[in-house]
Asks: 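Below are the structure tokens for one structure; questions will follow.
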Amino acid sequence: MNNMNFEEFKNWAEENIKFFLPESYRDAKIDIHDVVKTGMSYTGMTVRNEDQSIAPAINLNASYEAYEAGKPLYAVGHDMAEIVQTKQPELNTGIFSSYDSVKKNLFIRVCNSQENSEMLKNVPHTDVEDLSVTYHVMVDARESGLASATVTNAMIDSFGISKEQLHEDAVRNSQEILPARMDSMMNMLMGLSGMDDAEYEFGMMAPPSMLVVTNQIGINGASAFFYPDSMDKISEQLGGNYFMLPSSIHEVIAVPAGDKDYRDLESMVKQINMMQVAKEEQLSDHVYHYDAKEKIFELASKHDERLHGRDKESLLGRLAEKKKEAAVLNDASPAKHKASERAM
């Protein structure tokens, strides 16, 4: 069977997946549905026995891409069967029995609003410029990673809570279960990050020129930038205003503003995203600015417009003052002098 389109491939997968599975999956239920996650969406297929509370979803789009690239169908089928048989961790679903249980496991993530617009339609979120903070429940945490559930609009309705309460509880709890980690780029590169102060001499090191912000596990750590006081703590470290560069959903980088042109930084971010960051892990192509005095976090382009607008207003104000001064001087001049000017 050659040159199937995606719809034909999807039908083939549904009709044939059990041929690649053990007899124990003979009566399993097959479900094909859209999967929408932070940073990605795809058509998923699950094969679930009655005694399974959860089942892994096969990414049919990825499987189809492998088929299009020349992988034989039998090999694609075997790969999908391996995913179906992947052992899933035992999850504590009792967490969802009440909001009091959920609240202890809440944490936040941050994503690109436009790229995740479909997902955001169904979940409570807080917009910060072109980014969105979303809310999640940690179900399982181990060295191999996190298992979590996204808080949906239906979920907060069932618990009878507001988005504002959810946001407050999630931000507070995030700081407890996923503390922020901030360190200089130099320390990160030298493997010194996380060491005690006594293990190396700060006096021997230059002030940080780039500060990496993430959480203690380095997964979805860009959200740590939005913890209370994080922006001001970064400002203290860098000595004033700074630009925030969205390295990925896992971390961001802060650099002193100085006389840097945000356009150069934005060009660099776009190039790195295009060449080095997986699409589902990209946060934004834009650069942001934090005004330490005014406590304003905004797109760097907005800051630039605001700054130049203020400069323009200041210039117009100075011109108006000069006109007033000229008028006052003109009125104070001798009448003869004023008449001679009019005659000219």
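Counting from 1, the numbers follow the sequence of the chain as shown. Keep in mind that what you see is a predicted model, and the values were worked out from it rather than measured.
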Asks: For side chain to side chain donor-acceptor pair (under 3.5 Å), just list the numbers for T152 and N122, CA-CA rounded to whole Å, side-chain angles, deciding distance to a tenth of an Å, and then say yes or no.
Replies: CA-CA 6 Å; T152 63; N122 302 309; over 6 Å; no

Asks: Considering non-hydrogen atoms only, spot the tightest contact between V252 and P246 and give its length.
Replies: CG1-CA, 4.2 Å

Asks: Please round to the nearest 0.5 Å and tell me the distance separating atom CE of M138 and atom OG of S174.
Replies: 8.0 Å

Asks: Could you tabulate the donor-acceptor pairs under 3.5 Å formed by side-chain atoms of residues 265-277, not counting sequence neighbours?
Replies:
| from | atom 1 | to | atom 2 | distance (Å) |
| --- | --- | --- | --- | --- |
| E266 | OE2 | V287 | N | 3.0 |
| N273 | ND2 | S284 | O | 2.9 |
| N273 | ND2 | D285 | OD1 | 2.8 |

Asks: Given the side-chain rings of Y135 and F107, with only the six-membered ring counted for Trp, is the space between their centroids under 6.0 Å?
Replies: no

Asks: Hey, does the side chain of E8 reach the backbone of N5 with a donor-acceptor pair shorter than 3.5 angstrom?
Replies: yes

Asks: For the side chain of K18 and the backbone of E23, is there at least one donor-acceptor N/O pair under 3.5 Å apart?
Replies: no

Asks: Under 3.5 Å, is there a donor-acceptor pair between the side chain of S230 and the main chain of A224?
Replies: yes

Asks: Relative to each other, are the rings of H78 and Y74 parallel, tilted or perpendicular (30° and 60° limits)?
Replies: perpendicular

Asks: Evaluate the criterion side-chain contact (heavy atoms from CB on, under 4.5 Å) for residue pair V110 and I249; output intermediate values, then yes/no.
Replies: CA-CA 7 Å; V110 63; I249 60 173; 5.9 Å; no

Asks: Ignoring hydrogens and angles, tell me if any N or O in the side chain of H250 forms a donor-acceptor pair with the backbone of N220 under 3.5 Å.
Replies: yes

Asks: Could you tell me whether the side chain of V171 reaches within less than 4.5 Å of the side chain of H167, counting heavy atoms only?
Replies: yes

Asks: What's the shortest heavy-atom distance between H125 and S132, and which atoms?
Replies: CD2-OG, 4.0 Å

Asks: Aromatic contact between Y288 and F243, with the criterion being ring centroids under 6.0 Å apart: yes or no?
Replies: no

Asks: I'd like to know if the side chain of N16 and the backbone of W12 have a donor-acceptor N/O pair within less than 3.5 Å.
Replies: yes

Asks: Nearest 0.5 Å, what's the NE2-NZ distance between H289 and K302?
Replies: 14.5 Å

Asks: Nearest 0.5 angstrom please: M182 CE to L238 CG, how far?
Replies: 10.0 Å

Asks: Would you say the side chain of F297 lies within less than 4.5 Å of the side chain of M244, judging by non-hydrogen atoms?
Replies: yes

Asks: Between E82 and Q85, is a side-chain contact (heavy atoms from CB on, under 4.5 Å) present by the stated rule, with each step listed?
Replies: CA-CA 5 Å; E82 284 188 10; Q85 297 173 83; 5.5 Å; no

Asks: Can you tell me how far apart CG (N241) and CD (E294) are? Round to the nearest 0.5 Å.
Replies: 9.5 Å

Asks: So which atom in E14 and which in I17 form the shortest heavy-atom distance, rounded to 0.1 Å?
Replies: O-CG2, 4.0 Å

Asks: How far does CE of M80 sit from CG of N59, to the nearest 0.5 angstrom?
Replies: 11.0 Å

Asks: Please name the pair of heavy atoms, one in A222 and one in L283, separated by the smallest distance, quoted to 0.1 Å.
Replies: CB-CD2, 3.9 Å

Asks: Heavy atoms, side chains only, cut-off 4.5 Å: are Y99 and S158 in contact?
Replies: no

Asks: State, yes or no, whether a side-chain contact exists between I253 and L211 at a heavy-atom distance under 4.5 Å.
Replies: no

Asks: Could you walk me through whether E298 and R306 satisfy the salt bridge (charged side-chain N to carboxylate O under 4.0 Å, His left out) test, starting with their C-alpha distance in whole Å, then the side-chain angles of each, then the deciding distance to 0.1 Å, before giving a yes or no?
Replies: CA-CA 10 Å; E298 60 191 338; R306 189 163 61 86; 2.7 Å; yes

Asks: Taking side chain as C-beta onward, heavy atoms only, is M4 less than 4.5 Å from N11?
Replies: no

Asks: Assess, by modelled atom type and distance only, whether the side chains of S113 and D130 contain a donor and an acceptor separated by less than 3.5 Å.
Replies: no

Asks: Would E236 and K233 count as a salt bridge (charged side-chain N to carboxylate O under 4.0 Å, His left out) if you check the C-alpha gap in whole Å, the side-chain angles of each, and the deciding distance to 0.1 Å?
Replies: CA-CA 5 Å; E236 290 172 10; K233 287 179 181 177; over 6 Å; no

Asks: Using a 4.5 Å cut-off on heavy atoms from C-beta on, say whether the side chain of L60 contacts that of Y42.
Replies: no

Asks: Is E168 close to R172 at the side-chain level, that is, under 4.5 Å between some pair of heavy atoms?
Replies: yes

Asks: With side-chain contact (heavy atoms from CB on, under 4.5 Å) as the criterion, how do I58 and T46 come out once you've worked through the C-alpha distance, each side chain's angles and the decisive distance to 0.1 Å?
Replies: CA-CA 6 Å; I58 301 168; T46 55; over 6 Å; no

Asks: Can a donor-acceptor pair be found, under 3.5 Å and without considering hydrogens, that links the side chain of N116 to the backbone of N112?
Replies: yes

Asks: Nearest 0.5 angstrom please: E164 CD to D169 CG, how far?
Replies: 11.5 Å

Asks: Does any N or O in the side chain of S248 come within less than 3.5 Å of the main-chain N or O of Q282, such that one atom is a donor and the other an acceptor?
Replies: no

Asks: If you look at every heavy atom in N153 and P124, which pair is closest and at what distance?
Replies: OD1-N, 3.0 Å

Asks: Compare every heavy atom of L73 with every heavy atom of Y67, then report the nearest pair and how far apart it is.
Replies: CD1-CD2, 3.8 Å

Asks: Checking salt bridge (charged side-chain N to carboxylate O under 4.0 Å, His left out) for the pair R263/D261: CA distance, chi angles, key distance, verdict?
Replies: CA-CA 5 Å; R263 297 172 188 82; D261 189 327; 3.1 Å; yes

Asks: Show, in sequence, the C-alpha distance, side-chain angles and deciding distance for N173 and K103, and conclude whether the side-chain contact (heavy atoms from CB on, under 4.5 Å) test is met.
Replies: CA-CA 8 Å; N173 201 60; K103 184 165 65 173; over 6 Å; no

Asks: May I ask you to check whether over 12 heavy atoms, not counting those of K260, lie within 6.0 Å of atom NZ?
Replies: yes

Asks: Could you verify whether a donor N or O on one side chain and an acceptor N or O on the other, from T150 and H136, lie under 3.5 Å apart?
Replies: yes

Asks: Are Y242 and Y290 an aromatic pair, judged by ring center distance below 6.0 Å?
Replies: yes

Asks: Going by heavy atoms in the side chains, are H303 and Y262 under 4.5 Å from each other?
Replies: no

